[in-house]
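Shown next, in structure tokens, is the structure this report addresses.
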Amino acid sequence: MSISTAREGHQYPPAHPYQVSREAIREFATAVKSQHPVHHDVDAARELGHRDLVAPPSFAVVVAQRAEAAVVQDPEVGIDFSRVVHADERFTHHSPILAGDTLTAATTLDRIRVMGAGAMVTTRTEIADQDGASRCTVLSSLLVRADEEDDETGGGRA
Amino acid sequence: MSIDISTLEKGTEIGSREVALSRADLIRYAAASGDHNPIHWNERFAREVGLDGVIAHGMLTMGLTVDLVSEWAGDPAAVVDYQARFTRPVPVPDAEDGAPDAPTVTLTVSGRVGAVDVEAGTVRADLTVTLGETKVLAKSQAVVRL
């Protein structure tokens, strides 16, 4: 399978809105071993001036990946998901994600850099709330590893 | 917030901690995050796609790491920017004996101030995450608004 760069710059339709629940925040915070009370205790969050529970800084990936899936599943891009490893991630928070938010994520395929028979695919996902305010920008790069048999440059590695 | 930005300078230590991981932690993260890629829980599949075995989600390592900064800042909402590159995999073997959720690897997380912008009221924390002697993240940086 080979990667096509024709879709560079393409913006995919937004994913179905994601409603941020207290339980999702607590479950995610527990999974990343974060005991900070603003992730778990509503009163503690309010004491620090927040409307409700605060999502951990990397929680936005949960919302973003639902939109990013459109890129991985796009046959015109041609990503073999079994050969994908995550290369980098960046969250720029315009305001913190809180329980009670309804968030919409839309992904743009920013860049495809072909490397031998593999490629680095970089996406930008804009997360906005129910009022249309921009809340978080998520940059993510996937390394699609070359299939050793196809790779004439010898670049296939984990 | 309790930190006085004027007391910070490049190199100021913000702390360190060890984080033990088990296969159960990977499954818990898969459930919480919705990332069910089988390379994070199935040994056979991981080997079939050319890995040496099951590896942790890069996003789990990233998520665990930033908590050091959240605690230091006093409020996780102060983290306005957070990035990392996943440079080395973190293999998490199944527990061979004892409890099924017994940790099989330990990551060491530490952080220092990388830059201070008094005018903007922001501090960049540079984080180091190692598995033994190997750094598993590169350019792991969190910007905190104090």
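Quick note: numbers below take in every heavy atom, side chains included, and nothing from hydrogens, waters or symmetry partners. Below, chains carry the letters A, B, ... as their sequence lines are ordered, and counting in each starts from 1. Bear in mind that the values here come from a model prediction, so they are computed numbers and not experimental data.
- Contact count against chain B (heavy-atom pairs under 4.5 Å) is highest for Pro57(A) among Pro57(A), Ser58(A), Pro96(A).
- The pair Asp52(B)-Arg47(B) does not count as a salt bridge, with every side-chain nitrogen at least 4.0 angstrom from each carboxylate oxygen.
- For a residue to count as touching a neighbouring chain, one of its non-hydrogen atoms must lie under 4.5 Å from one of that chain's; by this rule Glu89(A) touches chain B with backbone and side chain alike.
- Here His10(A) and Tyr12(A) bring their ring centres to under 6.0 angstrom of each other.
- There is no contact between Val69(B) and chain A, counting heavy-atom distances below 4.5 Å.
- Considering only heavy-atom pairs separated by less than 4.5 Å from chain B, the leading option among Pro56(A), Ala87(A), Ala55(A), Ser82(A) is Ala87(A).
- Between chain A and the residues Ala84(B), Gly34(B), Gly58(B), the largest count of heavy-atom pairs under 4.5 Å involves Ala84(B).
- Residues Asp35(B) and Ser33(B) bring no donor and acceptor atom of their side chains to less than 3.5 Å of each other.
- For the pair Asp129(A) (side chain) and Asp131(A) (backbone), a donor-acceptor distance under 3.5 Å is present.
- Within the structure, ring pair (Phe, Tyr, Trp, His ring centres under 6.0 Å) pairs that include any residue of residues 81-109 of chain B comprise His86(A)-Phe86(B) (at least two apart or interchain).
- With a 4.5 angstrom heavy-atom cutoff, Ala20(B) touches chain A only via backbone atoms.
- Chain A forms more heavy-atom pairs under 4.5 Å with one residue of Ile55(B), Asp67(B), Val19(B) than with any other, namely Asp67(B).
- Using a 4.5 Å cut-off between heavy atoms, Val49(B) contacts chain A through both its backbone and its side chain.
- Within the 4.5 angstrom heavy-atom criterion, no atom of Ala138(B) approaches chain A.
- Aromatic ring centroids of Phe91(A) and Phe59(A) lie 6.0 Å or more apart.
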Where do Leu109(A) and Arg124(A) land on the side-chain contact (heavy atoms from CB on, under 4.5 Å) test, with the steps shown first? CA-CA 7 Å; Leu109(A) 206 181; Arg124(A) 178 168 44 84; over 6 Å; no

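- Ranked by heavy-atom pairs shorter than 4.5 Å toward chain B, the options Ile97(A), Val32(A), Val54(A) are led by Val32(A).
- Other residues, nucleotides and ligands contribute only 12 or fewer heavy atoms inside 6.0 Å of the CD atom of Gln19(A).
- In terms of heavy-atom pairs under 4.5 Å with chain A, the best-connected choice from Val143(B), Val79(B), Val80(B) is Val80(B).
- Comparing Arg85(B), Glu71(B), Met59(B) by how many heavy-atom pairs each has under 4.5 Å with chain A, the most go to Met59(B).
- Taking His50(A), His36(A), His39(A), His93(A) one by one and counting their heavy-atom pairs under 4.5 Å with chain B, the maximum is reached by His36(A).
- Under the 4.0 Å criterion applied to side-chain N and carboxylate O atoms, Arg23(B) and Asp25(B) are not assigned as salt-bridge partners.
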